[in-house]
Structures are given as structure tokens and as C-alpha cells.
> 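I have a structure I would like to understand better, so I am pasting it below and will then ask my questions one at a time.
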Amino acid sequence: MKVLLLNPPQTFYSGSEPPAGNLPIGLMYIAAVLAKAGVDVEVLDAFMGWGSTFQQDGETVTVGMPPENIKKEIEKRKPDIVGLAGPFTCQISNTLKVSKLVKQVNSKILTVAGGPHVTLVPKEFLEEAKDVDVVVVGEGEYTMLDVTRAFQDEKKLGDIKGIAYRQEGKAVLNPPRPLIDDLDELPYPAYNLVNMEHYLSPPQGIGYRSFQNRAVSMVTSRGCPYNCCFCAVHLHMGQRFRAHSAQYVLDHIQYLVDKYKVKNIFFEDDNLTLDLKRFEVICDGIIERKIKIGWETPNGVRADCLNIELLKKMKRSGANSIFVGVESGDQQILDKVICKSLDLDRVVEFAKSAQQIGLKTGAFYIIGFPGETKENMWRTVNFALELKRKYDVGMHLFAATPSYGTKLYEECKAKGYLPADLSWNSFAQARQAKGMPLITTNEFTPVEVKEIAAKALAEYKRLSLMGHIKHPGKALKTAFAQPQLIWKYIKNLAS
Ligand code: B12
């Protein structure tokens, strides 16, 4: 009895960011739980792992193991079950392609798919994915263990909570599985089942997140109690915030530093600092244990879940930068449309405090929500530029994307704001550099949203350049610390 957990290749359009180089931690958590239960399990990262190539096809490049090699790996490893990751709607066609390859090798292999996309549309996914037998909804560790045991003992799939499967050709959805209460009962992700050096020293052209070298991502908590209209997280990881204890996190970091010489960590939590006290203890622990580590918050934290004391500890414990999710610079839109429950004054307070203690900052913004006028969008842009001007906060501006299952999607669908031919592939198209946002309302078109974003970016680049001219010392310091950034910066200015 053998389980193979497989991370499918991913496809990128020209001009888009190269692959980030993240570890497939979702699969690695599942692998660790299966291995602990005595299951023979392997992980094949057919995206970032060994044997990946860049396969150009017109406007797109698919990064990962070529299909024939994936088939050979499956033939060689002879799994009874193959678990496939399906994290993003925009990449789901690759999960479908690999499921077909698995069945071509041996139609008796049970194919199981999991991840945010399939969680949000389990039945719809099964209806399209003829080569996928089971969909795991939400957290996968114990559900996959149950599916594995069911396969072994011929137990009925109908008894397993948190899956969808096909019964007499029809997709059936079982009741949901309760969230994992105590995350500390989970073993560390199965680092031993992937080749860590691929992620710690990624080849040229991939792994933009690893520019500081020997970087890994880590998730220290799951779930978010907030209700932002565009976010799929509370639907997938739950609205209940569940966190590893500070002790677990510190031991985990120590383990990575000692065993794999990790130098940087990207905390990818849904709401890293929601429990301020817990995160303060983590920072204190890093300082007390003298762990030499740099870290960042690329997924963004809430500006109202920070204070100056914590920011100081964050800096002392190795924070290279702190990113916050602001979303809108218009308080009305933030309250009434996005429902983020965030006071913009707290964002300004955060920006001031961070600048005061010399901590690099960035903020995420989104424009193009139904309910917004172009004037509202400009308010966001002006807020972002003002924060850049006054406190040097980096601006990261996106167009609203209606992920399946979210309130944003439901509203857009109900009001006819989405393209009539919206498909999973539309999300991939929209994501490309030349792609268009998906939402059109009576107030704006996708082209207009893109134009506002382009103007905002041009002004932002001008401000950045002025900043470097005014503070050459600071610019040189950054350039020496992270020389890889220079090329990225020049490319950005030129684009
Ligand atoms: C880190 C991260 C990234 C990383 C890469 C992550 C990776 N896996 O490679 C980066 C920065 C590259 C990234 C990019 C994007 N991301 Co992102 N990302 C995340 C984030 C913050 C954390 C993911 C994570 O590591 N979670 C921790 C692990 C433990 O959980 P997990 O991966 O979900 O796995 C669990 C379950 O899903 C399940 N499971 C997963 N796989 C499998 C497989 C099997 C067989 C089984 C049984 C179960 C199973 O079991 C696991 C253990 O419980 C999530 C938010 C979230 N909480 O999901 C968003 C999230 C996944 N991203 C999202 C989006 C939209 C994007 C982008 C499209 C954003 C953009 N506009 O560019 C891009 C797409 C990139 C691409 N390559 O095309 C959305 C996805 C929604 C959707 N339906 O598409 C999410 C949910 C965020 C959100 N707020 O809605 N992302």
C-alpha cells in the first residue's frame, strides 16, 4: 500500500512573476501525518522539484517535470493512491492534466485532489475532472489518512467526513470535517521527503522569494475570523483562528536552522499576529535563543494587530520587512464593501511607528470592487502614494479577483458583473501581465481599472526613484544586502 503526493507543474504567461519557489507545505503536512501512522508515502514535487524544465508553449511557459517524466515516475514508484494538489483556480488545468497521466499509467490508482480551489467547488470540480476519484475539502491531514485506510480496508467512502466523490457517476458531497483543534499535534512538514536544497538554493529564474537565500515558508496558524469579501481563506481554513503554540513555532524554527541551515522564513499565515501575545512570545524566544534568522510577512498582517512595542521586537528578532493588507484607502469602501473592519488611522499609525524604528514596510491594495466608483479607486491610489511619500511604505496594487465561493464572487455573479464565458482558465488569463480584471460594473470597465493601476504604478516608480536619489546611502545599503534586487528593480523601472 503506497501513497504518492504530487505537486503538479504550473503555467505562467510571459511578463508574469517567475515561480516563487515555495515548499509544497500542504502536501508535506499530509505526508508527515501519513508517515507517522505507518503509511508508505512519498512526495513528488513535479513543479519545483528535481527534473523540472521550462516548457514554452506560445505565450506560456509551464514550469515543472515534463509529462512523460511524470508518467515514468509514477510507473517507477507504483503508488496505489496519488494525491494531487489543486491550490489555485488559475493553475487547476495542470491538476487535471496530471490526473489524466496517472490514469494512463494505471486506471486502478485512486486519484485524490485537495487544496483551496477544489475545496471551494468540490462537486463542480469532480464533474469536470473525470480522472479524479475523490476530492478532499479543507484541511487534508486526517481526511487523507481516512481515505488511505478506506482504500486498504474497503471501508466506505460515504463514511468519511470532508470528501466529495463519485457515486454511480454522480458527484456526492459528504458532511464537513471539523477543523483540527490542536495544531501542535501535527508533526513538522515532511522535510525529509523532499530535496530541501532545491528550495533553499533554487536555480536561476525561479524562487524569487528566496533571493535572500536559504529561505522557506512556514505557517504557524490557520484560519481568520474576519470576513473580507474577496478572501477565500475563511472558507477553506475556517473562521476560527487556530495557532501552534509559541514553543512549537520556536522549536520548528530552531529545527530548520540547525538541520537545514535555513536563514530566512516567510510566514504565510492567514492572520499571523491576530494573537499579539503569542507572536510577542515568538519574537522574545527568537531573541533569547539567539536564533540567527531573517523573516518576512509576504501574505500581509493586519495593521490593527500590531503596536510599536511588538514592531520593535519584530525588528530585533529578525524581521526584514513587515507587509500589511490595507486593501482600500477609502474608509467607506473598506467598511461597507470589503467588510475588513479596519480603521485606516491604524494603518497610518503602523506606518509612522515602523518608519520611526527603521523597519521596511509594504502594503497591499485592491481596486475594482463592485460598489466602487473610479473616484473611490483614486482615493486608494492617493492613500497608497501618500504612505509612500511620507513613510516610505511600498505599494502593491491589485485588481479585485472574484475567487469562487467568496462573497465577492456571489455578488458579481448575481449582478451579472462577470464575463459570460467565465471559466477556470479565465483566472489564469486575468493573472497574466497583459490580462484584464474580470469585473465590469455600471461604474467601471476592466480597462479603466487597469489604466488607474498603471497610472498609480508610474507615479509610484517616480516616487521610488526620487527616494533613492534623496537617500543614496539607504539605497546602496539595500543593494549590498540583497544584490539580486538591483536587477529586479531595474527591470521594474523599465517595464
Ligand atoms: C503561500 C501562498 C501562496 C504562495 C505559494 C503557495 C504554494 N502552495 O505553492 C504564492 C505566493 C506563490 C501564492 C501565489 C498565489 N496565490 Co496564494 N496563497 C498562499 C497562502 C497564503 C498559504 C498557502 C499555504 O501554504 N497554506 C498552508 C498549508 C498547510 O495549507 P494548504 O496548502 O491549503 O494545504 C492544506 C489543504 O489545502 C489540503 N490540501 C492541499 N493540497 C492537498 C492535496 C491533497 C491530495 C489533499 C488530500 C489535501 C490537500 O491539505 C493541506 C493540509 O491541511 C494561501 C492562503 C491559504 N490559507 O490557503 C493563499 C491562496 C492559496 N492563494 C491564492 C491566490 C489567489 C494566489 C494567486 C492567484 C494570487 C495572485 N493574484 O497572483 C497566486 C497564484 C500563483 C500561481 N503560481 O499561479 C488563494 C487561492 C484561491 C483560489 N481559489 O485560487 C488563497 C487561498 C488566498 C486567498 N486569500 O484566497 N500563494
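Every number for a ligand or one of its atoms is a count from 1 in the order of the listing. Values in this document were obtained by computation on a predicted structure and should not be read as measured data.
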> Using modelled atom types only, decide if a donor and an acceptor are shared between the side chain of R242 and the backbone of M237 within a distance under 3.5 Å.
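At least one qualifying donor-acceptor pair exists.
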> Is it the case that the side chain of S221 and the backbone of A243 share a donor-acceptor pair, with hydrogens and angles ignored and the cut-off at 3.5 Å?
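Answer holds: no.
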> With a cut-off of 4.0 Å, which atoms of ligand 1 are near a heavy atom of I25?
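Near I25, meaning under 4.0 Å from one of its heavy atoms, ligand 1 has 25 (O).
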> Any idea which atoms of ligand 1 are less than 4.0 Å away from a heavy-atom of G140?
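Every atom of ligand 1 under 4.0 Å from some heavy atom of G140: 38 (C), 48 (C), 50 (O), 51 (C), 52 (C), 53 (O).
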> Nearest to atom 38 (C) of ligand 1 by heavy atom, P189, G138, S221: which?
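Shortest heavy-atom distance from atom 38 (C) of ligand 1: G138.
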> Examine the proximity of ligand 1 to V147 and report which part, side chain or backbone, both or neither, has a heavy atom under 4.0 Å away.
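Contact part for V147 vs ligand 1: neither.
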> Does a side chain donor of either S245 or R278 reach within less than 3.5 Å of an acceptor in the other side chain?
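There is no such pair (donor and acceptor under 3.5 Å, judged by atom type) between the side chains of S245 and R278.
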> At a 4.0 Å threshold, what atoms of ligand 1 neighbour a non-hydrogen atom of G83?
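Close to G83: 45 (C).
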> Heavy-atom contact under 4.0 Å between C90 and ligand 1?
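Yes, C90 has heavy atoms under 4.0 Å from ligand 1.
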> Of all the atoms in ligand 1, which lie at a distance below 4.0 Å from a heavy atom belonging to Q91?
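Listed by number with element, the hits are 76 (C), 77 (N), 78 (O).
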> Specify side chain, backbone, both or neither for F12, according to which of its non-hydrogen atoms lie closer than 4.0 Å to ligand 1.
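Side chain only.
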> Using modelled atom types only, decide if a donor and an acceptor are shared between the side chain of T95 and the backbone of A85 within a distance under 3.5 Å.
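Between the backbone of A85 and the side chain of T95 there is a qualifying donor-acceptor contact (under 3.5 Å).
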> I'd like to know if the side chain of N425 and the backbone of S93 have a donor-acceptor N/O pair within less than 3.5 Å.
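Not a single qualifying donor-acceptor pair exists.
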> Answer yes or no: is there a donor N or O on one side and an acceptor on the other, between the side chain of Q432 and the main chain of F12, under 3.5 Å?
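Side chain of Q432 to backbone of F12: no pair is present.
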> Tell me the nearest of D269, V233, T89, L145 to atom 84 (O) of ligand 1, using heavy-atom distances.
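Of the listed residues, T89 has the closest heavy atom.
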> Check ligand 1 against N299 and write out every atom of the ligand that is under 4.0 Å from a heavy-atom position of the residue.
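Near N299, meaning under 4.0 Å from one of its heavy atoms, ligand 1 has 21 (C).
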